[in-house]
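So the structure is just underneath, and the comments pick up after that.
All chains are named by letter (A, B, ...) in the order of the sequence lines, taking the proteins before the strands, and each is independently numbered beginning at 1.
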Amino acid sequence: ISNNIIRQVTDVLTGDNHALVGTATERQFISFINKYGKEYSTREEYMHRLGIFAKNMMRAAEHQALDPTAVHGVTQFSDLSEEEFEARFLGVQGGKSGTLLGGGGEAPVLDVKD
Amino acid sequence: LPESFDWREKGAVTPVKMQGSCGSCWAFSTTGSIEGANFIATGKLINLSEQQLVDCDHTCDATDKRACNDGCSGGLMTNAYEYLIKAGGIQEEEAYPYTGKPGECKFSPEKIAVRVTNFTNIPGDEQQIAARLVHHGPLAVGLNAVFMQTYIGGVSCPLICGKKFLNHGVLLVGYGAKGFSILRLGNRPYWIIKNSWGEKWGEDGYYRLCRGHNMCGMSSMVSAVMTKTS
């Protein structure tokens, strides 16, 4: 029976992104590293960021399909997961509740005819 | 209202800034609106301090006590105006430079460069927003930034973009009449938005977003500030 067991040899099981090594995606990733001066301290970190970069390339393609009049692709944030990007570069608090008026009141309506 | 309008051409907008790895977009949106209002009142463009807000402003919203300004962890532009009215005003960038990290408050009232007296929320009608922009100056805006992580250029006009979840503070500086849109057949109007992710992001640090559809919730959280001239 043991001879019939198929041993997993790809990285799908381990999730270490080794399948991306040597691909066009890795070449794009290296170009991204050079362009934005990115540095990763360990090989593990490099592989982790490569995996995120690959996912972000797919996300950019989705955005391109949904937003065809803009150009979407590699940016300085392409090695960050959505959660990391939100935590580090966004930062409006309480946005979920919609408009918060604070103490400022609402501006009077202006005449915008013509 | 003019067909197109851009406060950058009139000298009311400072160069694009860089918030770094810090959720302080709300502070940059706040300073941008004050820089513009002060320019219109005095004719002088003064670069103002975001770090003062990051370090010193811990104001909570009047209607939602959980929505508090908290340095690199986020904040609201309307809270920042409340803080600045109480504190007396804001220092210049040079006097209180940006570090991108929260630190001890080093605000010096004697070094105030611009005094803030009041602020208003602009109703969520895009014609009203355009009118306020032209008459008052650049406006602080909150929007959903989901498409901004991958944005490189062009007029962003996504088919689906959440209008309720606003997570990023930016500065509305103008609008244009003719940005090409394939799907919406022909030229469509757009907003010109100043971001705080440096000049390497987007169109030299700017974002163009479709106008007229409350795109990504951009018309839900718009505010203007009033400054005091000495």
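The pair B:Lys17-B:Glu35 meets the salt-bridge criterion, with a side-chain N (NZ, NE, NH1 or NH2) lying under 4.0 Å from an Asp/Glu carboxylate O. At a threshold of 4.0 Å, the pair A:Glu84-A:Arg49 counts as salt-bridged, since one of the basic side-chain nitrogens sits closer than that to a carboxylate oxygen.
Among residues 71-82 of chain A, the residues having any heavy atom closer than 4.5 Å to a heavy atom of chain B are, in sequence order, A:Val71, A:His72, A:Gly73, A:Val74, A:Thr75, A:Gln76, A:Phe77, A:Leu80, A:Ser81, A:Glu82. Residues of residues 50-64 of chain A that come closer than 4.5 Å to chain B, counting heavy atoms only, are A:Asn56, A:Arg59, A:Ala60, A:His63, ordered by residue number.
Between B:Trp26 and B:Phe28, the distance from one ring center to the other does not fall under 6.0 angstrom.
Taking the ring axis of B:Tyr190 as reference, the NZ or CZ atom of B:Arg211 does not stay both within 45° of it and closer than 6.0 Å to the ring centre.
Expressed to the nearest 0.5 Å, how far CG of A:Leu110 lies from CD of B:Gln127 amounts to 11.0 Å. Taken to the nearest 0.5 Å, the CG atom of B:Leu133 stands 7.0 Å off from the OH atom of B:Tyr175.
Counting heavy-atom pairs closer than 4.5 Å to chain A, the top-ranked of the candidates B:Ala145, B:Gly153, B:Gly154 is B:Gly153. Counting heavy-atom pairs closer than 4.5 Å to chain A, the top residue among B:Val146, B:Ile85, B:Leu143 is B:Val146. Chain A forms more heavy-atom pairs under 4.5 Å with one residue of B:Arg132, B:Gln19, B:Arg66 than with any other, namely B:Arg132. Interface summary for chain A: among B:Cys22, B:Gly162, B:Ser29, the most heavy-atom pairs under 4.5 angstrom belong to B:Cys22.
Only the backbone of B:Ser24 comes within contact range of chain A, with at least one heavy atom under 4.5 Å from a heavy atom of that chain.
A donor-acceptor contact closer than 3.5 angstrom links the side chains of B:Asn214 and B:Ser219. Of the N and O atoms on the side chains of B:Asn195 and B:His168, at least one donor lies less than 3.5 Å from an acceptor on the other residue.
Applying the side chain to side chain donor-acceptor pair (under 3.5 Å) criterion to B:Asp125, with sequence neighbours excluded, gives no partner residue. Annotation: ring-ring contact (aromatic ring centres under 6.0 Å, His included) contacts of B:Tyr151 (sequence neighbours excluded): B:Trp201, B:Tyr207.
A heavy-atom distance below 4.5 Å is not found between the side chains of B:Cys68 and B:Thr59. Side-chain atoms of B:Pro158 and B:Met215, non-hydrogen and from C-beta on, do get closer than 4.5 Å to each other.
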